[in-house]
Amino acid sequence: MKRIPYGWHTIDKEDIKAVVEVLQSKRLTQGPTIKEFEEALCKYTGAQYAVAASSGTAALHLACIATEIKKTDEIITSPITFVASANCAVYCGGTPVFADIQPDTVTIDPQEIKKKITKRTKAIIPVHFSGHPCDLREIKDIAKRYNLIIIEDACHALGAEYRGTKIGSCTYSDMTVFSFHPIKSITTGEGGAVLTNRKDLYEKLLLLRNHGITKENSEFRIQNSKLIDPWYYEMQELGFNYRITDFQCALGIAQLKKIDSFLQKRRRIAAIYNRELLHIEGINLPIEKPYVKSSWHLYCIRLSNTTQRRFVFNRLQQSGIGVQVHYIPVHLQPYYRKNFGYKKNDYPKAEDYYKTTITIPLFPRLDITAVHRIISKIKKVVKNA
Ligand SMILES: Cc1ncc(COP(=O)(O)O)c(C=O)c1O
C-alpha cells in the first residue's frame with residue numbers, strides 16, 4: 001500500500017496556470033495580485049479588510065504588534081495548539097497565559113478564560129482547533145467586559161462557520177488570522193492573512209508588513225506636503241518584511257475558487273469516519289456542535305489510554321498510514337517551562353487530551369477506497385491493542 005500522509009495539498013492545472021501567468025508577468029512581488037487575493041478573501045469571509053502575509057505565524061505576529069502587546073502584557077490562548085499561537089505574543093515581549101480546554105471540542109473554555117484574566121491581560125487568542133470554532137459569543141462577552149482584544153487563530157478554520165457567520169468575518173473579534181500552509185483549507189505554499197473590520201488596524205497591519213515604511217504622501221510626518229521629494233518615503237514604525245509574493249497570491253486566488261469542493265470532500269470523509277468508527281470500543285470521535293460548521297482540518301480520535309495510543313500510532317505508521325499527534329500542550333514545551341515556569345498538571349484537561357489523541361488522514365484528494373482501508377486497519381489495530 002502506498003504511504004498515505006495525514007494531510008496533503010490539492011493542486012490542479014488551473015492552479016499551475018495561474019502561478020505561471022504571474023511568473024511571466026512584470027511583477028513577482030508587491031504587484032496587483034496581492035490586493036486581488038486580499039479582496040477575494042474579504043468576499044469569501046465577509047470581512048472588510050485583509051492583509052496577506054508570508055505565513056500564518058507572520059500574520060499572528062503582525063496582529064500582536066498591531067494590538068500593541070508589550071513587555072507587561074499577557075495574552076490568553078489554548079494549550080492545545082501549534083506553538084505559533086503563543087509565540088506571537090512572546091515576539092512582542094508579552095507573556096502567554098493558557099486557559100484549559102473544553103474536552104468535547106478541544107477548544108479554549110470561556111469559563112477558564114475568566115479565571116486567567118488579570119490587570120495585565122491585553123488580548124485573547126482563541127484557536128479554532130481542527131477547524132471547530134470556539135465559543136466566540138461567550139468569548140466576545142468576556143472581552144467586552146474586560147476591554148480585551150480578540151485575535152482569532154483560525155489557521156485551521158478557513159471555511160468554518162459559527163452561528164451562521166463565516167470564520168474570518170470578524171463578527172466576534174478584532175482580527176482573524178489564517179494560514180495557507182499546504183495542509184490547510186487552501187494553500188499558497190507558505191502564506192497567511194489577517195482579516196479585520198477595523199480600518200485603524202488594517203492601516204497598521206499594512207505598514208508593519210512592509211518594514212513600517214509608507215510611501216503615501218498624505219501620511220508623511222516630516223516632509224511638508226508641498227515640498228515632497230519624488231523619491232521620499234518614511235519608516236514610521238519598526239516593521240518587518242512579512243510580504244507574500246504575487247505568484248503565491250495567484251495560487252491562493254485559484255485555490256479559493258475551489259474551497260467549497262475541498263470542504264465538501266473533507267466533510268464527506270469525516271462523515272464516513274464518524275459512521276464507521278462510531279461503535280468501536282476504545283475509540284472516541286471528534287464532535288461538531290450544532291451551531292457550528294467545522295472546516296474539518298484535522299480528524300483527531302481519542303483512544304483509551306496512553307499505552308494503547310502508542311501501540312496504535314506505531315502500527316498505523318508501520319502500515320503506511322500517516323498519523324500525527326496534535327498537539328503536545330504548548331506549556332509543556334521546554335522553552336515555556338524554562339521561561340514562564342509552566343509545569344505538568346497546570347492544565348489537566350489539555351494534558352489528558354494529549355495522552356490519548358491521534359490524528360488520522362483527512363484531505364480532499366484522499367480517495368474513498370483509501371478511507372475504507374484506513375478504517376479497517378484502525379479497527380484491526382485497536383482490537384489488538
Ligand atoms: C493553530 C495554528 N496557528 C498558527 C500556525 C502557523 O501557521 P504557519 O505555518 O502558516 O506559519 C499553525 C500552522 O500550522 C497552526 O496550526
Side-chain angles (χ1 to χ4, degrees), residues 60 64 69 71-91 93-130 132-135 138-139 142-143 146 148 150-151 153 155-156 282-287 289 298-314 323-359 382 385:
L60 277 168
C64 284
I69 289 168
K71 229 179 177 152
T72 48
D73 295 329
E74 294 172 353
I75 64 95
I76 298 176
T77 191
S78 171
I80 298 293
T81 184
F82 186 56
V83 291
S85 318
N87 289 354
C88 55
V90 183
Y91 299 149
T95 300
V97 172
F98 300 94
D100 216 340
I101 55 162
Q102 290 175 321
D104 57 351
T105 59
V106 198
T107 55
I108 197 163
D109 183 342
Q111 299 313 315
E112 297 292 328
I113 294 178
K114 278 189 204 160
K115 293 183 201 163
K116 299 293 174 182
I117 292 172
T118 71
K119 277 191 203 129
R120 296 172 57 190
T121 311
K122 182 87 166 254
I124 307 171
I125 307 183
V127 181
H128 304 312
F129 176 78
S130 76
H132 190 293
C134 301
D135 267 330
E138 287 183 49
I139 295 170
I142 298 168
Y146 295 94
L148 307 174
I150 300 177
I151 303 166
D153 181 340
C155 287
H156 295 185
I283 301 184
N284 268 306
L285 300 181
I287 66 151
K289 288 269 173 91
L298 301 172
Y299 195 93
C300 308
I301 60 171
R302 272 172 262 186
L303 299 163
S304 304
N305 56 59
T306 168
T307 321
Q308 191 199 35
R309 193 265 297 268
R310 183 178 295 275
F311 179 86
V312 173
F313 186 96
N314 287 336
V323 282
Q324 259 293 358
V325 168
H326 293 95
Y327 291 94
I328 299 170
V330 180
H331 67 283
L332 295 181
Q333 293 293 349
Y335 178 87
Y336 279 90
R337 292 185 197 228
K338 182 171 158 231
N339 291 287
F340 298 101
Y342 290 114
K343 54 188 185 319
K344 244 182 160 166
N345 298 325
D346 278 348
Y347 299 96
K349 290 180 209 149
E351 291 172 36
D352 266 2
Y353 164 79
Y354 163 61
K355 280 178 195 156
T356 62
T357 187
I358 289 186
T359 305
V382 169

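Only heavy atoms go into these numbers, but all of them, side chains included; no hydrogens, no water, no symmetry mates.
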Which residues pass the side-chain contact (heavy atoms from CB on, under 4.5 Å) test with [X], not counting sequence neighbours?
X: F340; value: V90, T95, P96, Y335, Y336, Y342
X: A350; value: P79, I80, D100, I101, Y347
X: N284; value: R302
X: F313; value: Q317, V323, V325, I358

Suppose we screen for salt bridge (Lys or Arg N to Asp or Glu O under 4.0 Å). Which residues come up paired with [X], at least two apart in sequence or across chains?
X: E74; value: R120
X: K116; value: none
X: K71; value: none
X: K355; value: D352

Within-4.5 Å side-chain heavy-atom neighbours: [X] and [Y]:
X: T121; Y: V97; result: no
X: I142; Y: K114; result: yes
X: H326; Y: V106; result: no
X: T107; Y: P126; result: no
X: I139; Y: I108; result: yes
X: L285; Y: Y299; result: yes
X: P103; Y: Y353; result: no

Locate the shortest heavy-atom distance separating [X] from [Y]; write the atom from each residue and the value.
X: T359; Y: C300; value: OG1-SG, 3.5 Å
X: L60; Y: A84; value: CD1-O, 3.7 Å
X: A86; Y: V330; value: CB-CG1, 4.2 Å
X: I69; Y: A123; value: CD1-CB, 4.4 Å
X: P110; Y: Q102; value: CD-NE2, 3.7 Å

Contacts of [X] that satisfy side-chain hydrogen bond (donor to acceptor under 3.5 Å, both in side chains) - sequence neighbours left out:
X: S130; result: none
X: E138; result: none
X: K343; result: D346
X: E112; result: K115

Quick one: [atom1] on [X] to [atom2] on [Y], what's the gap to the nearest 0.5 Å?
X: D109; Y: K349; atom1: CG; atom2: NZ; answer: 5.5 Å
X: C134; Y: K289; atom1: SG; atom2: NZ; answer: 11.0 Å
X: R309; Y: L303; atom1: CZ; atom2: CG; answer: 8.0 Å
X: N345; Y: L332; atom1: CG; atom2: CG; answer: 9.0 Å
X: I124; Y: S78; atom1: CD1; atom2: OG; answer: 12.5 Å
X: F311; Y: T306; atom1: CZ; atom2: OG1; answer: 14.0 Å

(request) Measure from the side-chain N and O atoms of T77 to the backbone N and O of I125, and report whether any donor-acceptor pair falls under 3.5 Å. (result) yes
(message) I'd like to know whether CZ of R337 has more than 12 heavy-atom contacts from other residues, nucleotides or ligands below 6.0 angstrom.
(response) yes
(request) Take T356 and Q308 through the side-chain contact (heavy atoms from CB on, under 4.5 Å) test and state the conclusion after the steps. (result) CA-CA 8 Å; T356 62; Q308 191 199 35; over 6 Å; no
(message) Let's go through T105 and H132 carefully: what are the C-alpha distance in whole Å and the side-chain angles of both, what is the deciding distance for side-chain hydrogen bond (donor to acceptor under 3.5 Å, both in side chains) to 0.1 Å, and is it a yes or a no?
(response) CA-CA 7 Å; T105 59; H132 190 293; 4.9 Å; no
